[in-house]
2 protein chains.
Amino acid sequence: MTKADSKKKKTCLSLSEIESRLVIAGIQPTAQRIAICRYVLCEADHPTADDVKTWADQNFPKMSLATVYNTLGVLVGARLLKELKLPHSGSVIYDDNVSQHFHFLDEKTGELHDLPASAIEITPRLKRGFRVSSMEVLLKGSVG
Amino acid sequence: MTKADSKKKKTCLSLSEIESRLVIAGIQPTAQRIAICRYVLCEADHPTADDVKTWADQNFPKMSLATVYNTLGVLVGARLLKELKLPHSGSVIYDDNVSQHFHFLDEKTGELHDLPASAIEITPRLKRGFRVSSMEVLLKGSVG
DNA sequence: ATATTTGCAAAGCCTTTGCAGGGGA
DNA sequence: TCCCCTGCAAAGGCTTTGCAAATAT
């Protein structure tokens, strides 16, 4: 792996790969949706709806903000994306990592890092009757 | 402790106790602030600004929404309250428990329970350079 | 032909802000 | 007196919605 490659956050999918992912998920693969997927699944790192709109304005003939929100909602519904609402940002953040994992917020830069589930050992010791179905963990600090 | 007592979430403070808490925190103890503290520190459980406004409308001669937000902001600044932004609610939630602790959200009822820090054993295993200054943990599930 | 999807604009929710008036130190 | 606080109303950021036109199956 070259140094340049190591900066890439994720594997890039071809347009046809994206299209089949959408079809498999039961989503009509419209041009707008494919474009947004290309950005959100391949290029972006924890984008907001606004980030997507900005990207679309530069990389797609014409896309309305409503379509951006609508598409992101569809992708979340199909579990191709996860919605994150984190305390430091007023905007919803979209995460293409849909498996169980946690987050680390660099308070200096505002950067959000994914932490694999294995990076945190967490053991709830709850009272009788409490059943946990999911956990959200956000660590805040700095990356030196 | 009687059964009735056990339902109370917190100790009730007298008006003068509230007043001195404010003064100690360097906050002018105005009527509005004392009233809001009485609700937020004694009666309420994880209220939103809107909850405070609703309470004030019923228990205080006249209080503007701006004053509610302003006062809550002042209390947060003085560390008498903590702000919580949780994914299930569009509104900021105010927590009078300002010590390190975690939360459990009952997904059926929407109730938010405080978990003492001791209820969760959490061990981050991070890469070199990551320094953690605080942690936020939200467990979601049901209380049987 | 029928069901979806898009785009625009308007409305919505929650929160913040500007400014004038009022009250406490 | 002087400064801080309050209230009102307006503005602000982000997201959702209604509806007509365009598009896909």
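Every chain is numbered from 1 and lettered A, B, ... according to where its sequence line falls, protein lines coming before strand lines.
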Test side-chain contact (heavy atoms from CB on, under 4.5 Å), reference L112(A), set D106(A), D95(A), L84(A), output is L84(A)
Apply side-chain contact (heavy atoms from CB on, under 4.5 Å) to L13(A) and list each qualifying residue two or more places apart in sequence or on a separate chain. E17(A), I18(A), R21(A), L41(A), C42(A)
The criterion is side-chain contact (heavy atoms from CB on, under 4.5 Å); which residues satisfy it with Q58(A), sequence neighbours excluded? T54(A)
Angle class for the Y39(A)/W55(A) ring planes (parallel below 30°, perpendicular above 60°, tilted otherwise)? parallel
T123(A): side chain to side chain donor-acceptor pair (under 3.5 Å) partners, not counting sequence neighbours: none
Applying side chain to side chain donor-acceptor pair (under 3.5 Å), can you list everything that pairs with N70(A), at least two apart in sequence or on another chain? none
Going by atom types only, do T71(B) and Q32(B) share a side-chain donor-acceptor pair under 3.5 Å? no
Let me have a per-nucleotide readout for nucleotides 1-18 of chain C, 5' to 3', with B, S or -, counting only protein heavy atoms under 4.0 Å. ---SSBBB-----SBBB-
Please report the end-to-end axis angle for the helix from dA1(C)-dT25(D) to dA25(C)-dT1(D), five pairs per end, rounded to 10 degrees. 20°
